[in-house]
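Everything quoted here is computed from the prediction, not taken from an experiment. Chain A is the first sequence line, chain B the second, and so forth, proteins listed ahead of strands; every chain is numbered from 1.
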Amino acid sequence: SQTIHQWPATLVQPVGSPLSLECTVEGTSNPNLYWYRQAAGRGLQLLFYSVGIGQISSEVPQNLSASRPQDRQFILSSKKLLLSDSGFYLCAWSVLGNIQYFGAGTRLSVL
Amino acid sequence: AQKITQTQPGMFVQEKEAVTLDCTYDTSDQSYGLFWYKQPSSGEMIFLIYQGSYDEQNATEGRYSLNFQKARKSANLVISASQLGDSAMYFCAMRADRGSTLGRLYFGRGTQLTVWP
């Protein structure tokens, strides 16, 4: 069966520090991969999605970047965090754009 | 543009009763998908149920059913026999099936459901 791993679960980082959040999927090949951010009490905002290795699409201009170095690995990064980057980050996968399955999420606090 | 509206910020239901969570959507696409997700306090988004725009029958998954009214552009979630563990935030989402955003989900702002004994 397919599983998705996302880590770390929580992260507290100072302003200006770098960020690396990792997401890996097991049990499927060539999935679509997605990074979402959820502000407190709000719905999800799509940040990036990828349909294959090295193929990244950005939905909103921001301080973050994404990379897909391997078929089932998706990384969210920042060179210098801002206070506004705080939030709950969720990774998801799907096959051919069908049902999206989410990881457990990372709570990021930028102080 | 795709838009999902959930007009109920919070809902309360007594254990063992049924509850309906409202969702309306707006799209010019003929082909689309509708989803409901549950988000407990732990934060994980749990897929509950899916309805395709061409599906003639309402989707059902155990205690969950989706009341799909295409002409009204509504996709309400019905939870039968509520349980205390159903207390969570519930999100309605729509998938656009055309263009560069293939597979992208558009989410509503959610409804917080509280089940009381």
Side-chain angles (χ1 to χ4, degrees), chain A residues 1-11 21 23 25 28 30-52 55-60 66 74 86-109, chain B residues 1-10 21 23-25 29 31-55 59 61 64 66 88-113:
Chain A
S1 62
Q2 301 89 351
T3 56
I4 179 168
H5 302 280
Q6 192 179 339
W7 67 92
T10 60
L11 193 58
L21 303 181
C23 171
V25 180
T28 187
N30 197 31
N32 287 2
L33 296 172
Y34 310 83
W35 277 112
Y36 289 88
R37 176 168 58 201
Q38 184 179 27
R42 304 291 294 272
L44 273 66
Q45 178 187 36
L46 180 64
L47 301 176
F48 301 95
Y49 68 93
S50 171
V51 297
Q55 300 178 60
I56 309 294
S57 297
S58 174
E59 285 292 307
V60 294
F74 206 22
S86 293
F88 189 55
Y89 290 83
L90 285 156
C91 179
W93 69 273
S94 74
V95 174
L96 299 177
N98 289 323
I99 298 168
Q100 288 187 24
Y101 297 95
F102 287 80
T106 296
R107 295 192 186 279
L108 172 65
S109 298
Chain B
Q2 328 292 338
K3 185 177 180 182
I4 294 285
T5 302
Q6 294 180 255
T7 58
Q8 306 154 316
L21 306 184
C23 173
T24 58
Y25 60 92
D29 287 352
S31 175
Y32 51 88
L34 297 158
F35 304 78
W36 278 91
Y37 286 87
K38 172 184 178 181
Q39 187 178 40
S41 57
S42 62
E44 183 180 2
M45 295 285 283
I46 302 168
F47 166 73
L48 296 178
I49 195 166
Y50 164 79
Q51 178 88 39
S53 60
Y54 291 118
D55 294 341
E61 289 286 349
Y64 304 108
L66 198 153
M89 182 73 84
Y90 288 79
F91 289 96
C92 180
M94 178 172 63
R95 180 192 67 213
D97 280 356
R98 294 192 304 178
S100 62
T101 56
L102 184 67
R104 171 184 179 166
L105 290 181
Y106 296 83
F107 284 84
R109 297 185 67 160
T111 296
Q112 179 68 48
L113 176 66

Checklist entry - Would B/Tyr37 and A/Phe102 satisfy side-chain contact (heavy atoms from CB on, under 4.5 Å), going step by step from the backbone distance to the final call? => result CA-CA 10 Å; B/Tyr37 286 87; A/Phe102 287 80; 3.6 Å; yes

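There is no contact between A/Gln45 and chain B, counting heavy-atom distances below 4.5 Å. Heavy atoms closer than 4.5 Å to chain B are found in the side chain of A/Leu90, but not in its backbone. For B/Gln39, the part sitting under 4.5 Å from any heavy atom of chain A is the side chain, from C-beta outward, and nothing else.
In this structure, the side chains of A/Leu44 and B/Met45 come closer than 4.5 Å at one or more pairs of heavy atoms. Under the 4.5 Å side-chain criterion, counting only non-hydrogen atoms from C-beta, B/Arg95 is not in contact with A/Gln100. Annotation: side chain of A/Tyr36 is in contact with side chain of B/Leu105 (closest heavy-atom distance under 4.5 Å).
Going from atom OH of B/Tyr50 over to atom CG of A/Asn98 covers 6.5 Å, rounded to the nearest 0.5 Å.
Among the candidates A/Gly43, A/Ala92, A/Ser94, the residue making the largest number of heavy-atom pairs closer than 4.5 Å to chain B is A/Gly43.
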